[in-house]
Peer 1: 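So that we are looking at the same thing, I have put the structure below in structure tokens.
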Amino acid sequence: MKSLDFLLLLALLSLPDSSAVTHTLKYFNTASSGVPNFPEFVAVGMVDDVQTVHYDSNTRRLQPKQEWMKEVTADDPQYWNISTQNAFGDQQSYKVNIEILKQRFNQTGGVHIYQRMYGCQRDDKTGEKNGFDKFGYDGADFISLKLKEGIWDAAKREAEITKHKWDQDEAEIERLKFYLNQICIQWLQKFVNYGKSSLMRTGRLPSVSLLQKTPSSPVSCHATGFYPDRAVMSWWKGEEELHEDVDHGEILLNPDGTFQASVDLKVSSVPPEDWSSYKCVFQLSGVKEITTTLDKTQIRTNWGKPGVRGDGGEKHTLILLNTAVIAAVAVVLALVLVLVGVGLLLSTKNKGERWRWKQSFNPSLCFCFSLNDKRRRKR
């Protein structure tokens, strides 16, 4: 799944800007086994990569994560109660399924994660729509639905039993197709309408800084505060983009809904007289690029005298987001996302839609899948 993650992310970044017309509704369910002090089951919903709802086995209550999500009661007063019941049903089903999978893979103890991600996407400009439904186990693909063909695709030998049984239930597949092609799209349109003031905001440029941990460390070009996340950062020498001695960081989500990213350049072999020919380029889809020249006087660093800028002069208060810190944060967030499925960061994109494993809270349809037989409860 990780390799698919990065390939799809790279593909997404090469696409033209579609943030204004393409919308996605995604749900993630995550069951865990052997993780101390962590909920056995967590479910998260997202619209256009913005978290909208949350449920876990500790609170046992579906809760809105955006103020505008409370408007859903105008269309369905029972939305929160029914969706909570659906999530609780999934919680019970997932607890059984993760034990089935442990037997399938001949496992006993240890940490294990079982996840589902499904939802839909619609292009408002072209009217094109598609749905997706994928299951994963311990960070790898397990089984997924081929929506057009109406069959399940087993990614592992251990999933063949499940594929055979689920393929036999044609009525259930038709109900699922109806949900992904119709009901999901309807709710996506409602959610986008509720949150259009924040979901439909236009591109926002970041502040860009040059950071360095020590004199021998790479120089990190760090951008924060941009929106949307369809951005590319690169280092250039003159008119040539650099690939060697360059390390690209991941795009991370900020608490305010904007994003941050970084790209490192190893400068140990760069002669001082050549520094001015190097530049960091930040490109946000549909927005003018930002260029930052490699300049020692502009680098923020925590080496040298405490509280003193690396250029040897001006004292100032500095919170240094160096590459080591950024990398550590990325690792922690990646682990949380794998466990919780809330992912706001690690994603697989399928035509603009992020991969992070999850499941649905629809007040009219909820599918509780049993890996051992064909039983799936429609609520």
Peer 1: With a 6.0 Å cut-off on the ring centroids, do Y137 and F105 count as close?
Peer 2: yes

Peer 1: Hey, is the main chain of K177 close enough, under 3.5 Å, to the side chain of N181 for a donor-acceptor pair?
Peer 2: yes

Peer 1: Aromatic ring centroids of F142 and F135 under 6.0 Å?
Peer 2: no

Peer 1: Please name the pair of heavy atoms, one in D138 and one in V111, separated by the smallest distance, quoted to 0.1 Å.
Peer 2: OD1-O, 4.2 Å

Peer 1: Determine whether Y194 and D75 satisfy the following criterion, side chain to side chain donor-acceptor pair (under 3.5 Å), listing intermediate values before the conclusion.
Peer 2: CA-CA 11 Å; Y194 298 150; D75 285 323; 2.2 Å; yes

Peer 1: Looking at E172 and R175, is any side-chain nitrogen of the basic one under 4.0 Å from a carboxylate oxygen of the acidic one?
Peer 2: yes

Peer 1: I'd like to know whether L180 forms a side-chain contact (heavy atoms from CB on, under 4.5 Å) with L145, so could you lay out the CA-CA distance, the side-chain angles of the two residues, the decisive distance to 0.1 Å, and finally the verdict.
Peer 2: CA-CA 11 Å; L180 295 174; L145 177 67; 4.0 Å; yes

Peer 1: Find out whether V47 and T24 are in side-chain contact, i.e. whether some heavy atom of one side chain is under 4.5 Å from a heavy atom of the other.
Peer 2: no

Peer 1: Answer yes if I151 and L147 sit in the same cluster of Ile, Leu, Val, Met, Phe, Trp and Tyr residues linked by side chain heavy atoms under 4.5 Å apart, and no otherwise.
Peer 2: no

Peer 1: Report the distance from atom CH2 of W152 to atom CG of D169, rounding to the nearest 0.5 Å.
Peer 2: 10.5 Å

Peer 1: Of all heavy-atom pairs between S57 and E40, which one has the smallest distance, and what is that distance?
Peer 2: OG-N, 3.0 Å

Peer 1: Salt bridge or not for E99 and K102, using N-O below 4.0 Å?
Peer 2: yes

Peer 1: Does a side-chain heavy-atom distance below 4.5 Å link L211 with T301?
Peer 2: no

Peer 1: Within the side chain of S144, is there an N or O that forms a donor-acceptor pair under 3.5 Å with the backbone of D133?
Peer 2: no

Peer 1: Side-chain contact, heavy-atom cut-off 4.5 Å: S220 with S262?
Peer 2: yes

Peer 1: Please report the interatomic distance CD1(I173) to CG(D167), rounded to the nearest 0.5 Å.
Peer 2: 5.0 Å

Peer 1: Indicate the atoms forming the closest heavy-atom contact of I113 with S32, along with that distance.
Peer 2: CD1-CB, 3.6 Å

Peer 1: CD/Q283 to CE/M233 distance, rounded to the nearest 0.5 angstrom?
Peer 2: 10.5 Å

Peer 1: Compute whether any side-chain donor of one residue and acceptor of the other, for D295 and T297, lie under 3.5 angstrom apart.
Peer 2: yes

Peer 1: Given W80, which of Q63, Q85, M69 fulfils the side-chain contact (heavy atoms from CB on, under 4.5 Å) condition?
Peer 2: M69

Peer 1: Grab the two heavy atoms, one from W68 and one from G195, that are nearest each other, plus how far apart they are.
Peer 2: CD2-CA, 3.3 Å

Peer 1: Ion pair present between D264 and K266, side-chain N to carboxylate O less than 4.0 angstrom?
Peer 2: no

Peer 1: Can you tell me how far CD of E244 sits from OG of S269, rounded to the nearest 0.5 angstrom?
Peer 2: 9.5 Å

Peer 1: Hey, does H243 have a side-chain heavy atom less than 4.5 Å from the side chain of V246?
Peer 2: no

Peer 1: Report the C-alpha distance between W236 and S234 in whole Å, list the side-chain angles of each, state the deciding distance to 0.1 Å, and finish with yes or no for side chain to side chain donor-acceptor pair (under 3.5 Å).
Peer 2: CA-CA 7 Å; W236 292 68; S234 55; 2.8 Å; yes

Peer 1: Any non-hydrogen side-chain atom of Q51 less than 4.5 Å from a side-chain atom of K65?
Peer 2: yes

Peer 1: Is the gap between the ring centers of F282 and F226 under 6.0 Å?
Peer 2: yes

Peer 1: Under 3.5 Å, is there a donor-acceptor pair between the T224 and N254 side chains?
Peer 2: yes

Peer 1: State the CD-OG1 distance between Q298 and T293, to the nearest 0.5 angstrom.
Peer 2: 9.5 Å

Peer 1: What verdict does the side-chain contact (heavy atoms from CB on, under 4.5 Å) test give for V96 and I100, after you've listed the backbone C-alpha separation in whole Å, the side-chain angles of each residue and the deciding distance to 0.1 Å?
Peer 2: CA-CA 6 Å; V96 173; I100 294 173; 4.0 Å; yes

Peer 1: Is a salt bridge present between K163 and E160, judged by a nitrogen-to-oxygen distance below 4.0 Å?
Peer 2: no

Peer 1: Are side-chain heavy atoms of T292 and L210 found at a separation under 4.5 Å?
Peer 2: yes

Peer 1: Would you say that I143 contacts D153 through its side chain, given a criterion of any heavy-atom pair below 4.5 Å between the two side chains?
Peer 2: no

Peer 1: Using the rule that two of Ile, Leu, Val, Met, Phe, Trp, Tyr join whenever any of their side-chain heavy atoms come within less than 4.5 Å, decide whether L284 and I290 are in one cluster.
Peer 2: yes

Peer 1: Closest approach of Q107 and L101, non-hydrogen atoms and distance?
Peer 2: OE1-O, 4.4 Å

Peer 1: So, for F132 and Q121, which heavy atoms are closest and what is the spacing to 0.1 Å?
Peer 2: CE2-N, 4.3 Å

Peer 1: Would you call the rings of Y79 and W187 parallel, tilted or perpendicular, taking 30° and 60° as the class edges?
Peer 2: tilted

Peer 1: What distance separates Y179 OH from Q186 CD, expressed to the nearest 0.5 Å?
Peer 2: 10.5 Å

Peer 1: Answer yes if V267 and V281 sit in the same cluster of Ile, Leu, Val, Met, Phe, Trp and Tyr residues linked by side chain heavy atoms under 4.5 Å apart, and no otherwise.
Peer 2: no

Peer 1: Applying side chain to side chain donor-acceptor pair (under 3.5 Å) to Q115 and T30, what does each step give before you reach the verdict?
Peer 2: CA-CA 4 Å; Q115 299 173 294; T30 300; 3.2 Å; yes

